[in-house]
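Okay, so here's the structure we're looking at.
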Amino acid sequence: MSGAEPEVAELPSVMRTRGWADYGLVDSGHGRKLERYGRFSVVRPEPQCLWTPALPAARWDAADAVFDPTDEEDAGRWKLKGPAAGLGNGETWPLSWRDVKFHGRFTSFRHLAFFPEQAANWEFLDAAVRAAAGAGGGQPKVLNLFGYTGVASLVMAAAGAAVTHVDASKRAVGWARENAELSGLSDRPIRWITEDARKYVQRETRRGSTYEGIILDPPKYGRGPDGEVWRLFEDLPELTRLCAGLLSDNAKFLVLNAYAERISGAALSGLLAEALKGRGGRIEWGELALEQEDGARAIGMSFFARWQR
Ligand SMILES: C[S@@+](CC[C@H](N)C(=O)[O-])C[C@H]1O[C@@H](n2cnc3c(N)ncnc32)[C@H](O)[C@@H]1O
């Protein structure tokens, strides 16, 4: 520990994802967004897009997949046409970000089995792991909690980290392992753990394990495999404190991300600053945004705070 308080950025940062070969925010407006996921164009509800779309209606009507929400939450149904309609139930198609490959899927929760705005975090994690490994850190040990389909885990593994990936859902961990195979990273040191994130961290704390980097992207509400209830506002403070306690003396980063409506980057930075008292380093905070391909607009998607040293 350095003894100094972490320096907290005075202003928020907007980490914009501009799209890449396999993803783009093509247009937005009238409460919806038009995106490209590899070979498919997709329309999804996005109530914050209060403006008028730039592209003609015909471009939107030509989309391969439209998500039809059934309620205020994320559930609903996909209407597929053209080649997308030819996909069998649960069938996937390959996507990639840099060297990491993963499957696109039309999930019943309106997303495509990964979150494109997370590319800003992947970029950060990639650089942070490479810097840690390059600074004589050997193979940095990193932890990805609530890791879902594992893109962040694979980005860190590809950058040279020994990764522990934790998620409550057996199915999500299965998909993450498939993504590792697709990426040619099955032989990398990645531990795939299906467990309640809090229970896992409590156990690691008792064992005295340490990590050089941790990322956590908890949902607002979730359940562990044995029905353990996760509530963001009640449970994040304690989990963050425990995660801070798992950081090694040589630790390089701790990244918090959250999608809940009543959270903010400023709030997450306050939590991190308290949990990391005496560790020095710097805390950046703000939001992750998707930028339209024409550069005309960006949509705020989630909030983050990250400590780095
Ligand atoms: C918002 S997603 C995380 C997205 C992921 N970080 C990414 O970028 O792809 C939430 C994940 O948390 C998992 N989850 C929910 N409750 C959990 C719990 N109590 N312990 C561990 N994982 C949990 C879900 O299974 C889901 O995969």
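Remember, it's 1-based here, ligands and their atoms both numbered in the order they're listed. Computed from a predicted model, the values in this text were never measured in an experiment.
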Handout entry: Salt-bridge present (E7, R282; N to O < 4.0 Å)
Key =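 A salt bridge is present here (some side-chain N lies under 4.0 Å from a carboxylate O).
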Practice task
Return the set of residues passing salt bridge (Lys or Arg N to Asp or Glu O under 4.0 Å) with E287 (not counting sequence neighbours), or none when no residue passes.
Solution key: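 Residues passing salt bridge (Lys or Arg N to Asp or Glu O under 4.0 Å) with E287: none at all.
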Practice task
Sequence neighbours left out, what passes salt bridge (Lys or Arg N to Asp or Glu O under 4.0 Å) with K79? Give chain and number order.
Solution key: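 So K79 forms a salt bridge (Lys or Arg N to Asp or Glu O under 4.0 Å) with D68.
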Problem - Pair listing, side chain to side chain donor-acceptor pair (under 3.5 Å) test, anchored in residues 217-236, at least two apart - result: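 Side chain to side chain donor-acceptor pair (under 3.5 Å) check on residues 217-236 returns R198-D235, K199-E228, D217-N257, Y221-R223.
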Exercise for the section: Give the protein residues with at least one non-hydrogen atom closer than 4.0 Å to an atom of ligand 1, ordered by chain and number. Expected result: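 Within 4.0 Å of ligand 1, protein side: F115, Q118, F146, Y148, D167, A168, S169, E195, D196, A197, D217, P219, G222, R223, G224, W230.
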Practice task
Using the side chain to side chain donor-acceptor pair (under 3.5 Å) rule, pick out the option among E117, E123, Q118 that qualifies with N121.
Solution key: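 Only one option passes, and that is Q118.
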Practice task
Would you confirm whether the ring centroid of F114 sits within less than 6.0 angstrom of the ring centroid of Y37?
Solution key: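 Judged by ring-centre distance (under 6.0 Å), Y37 and F114 do meet the cut-off.
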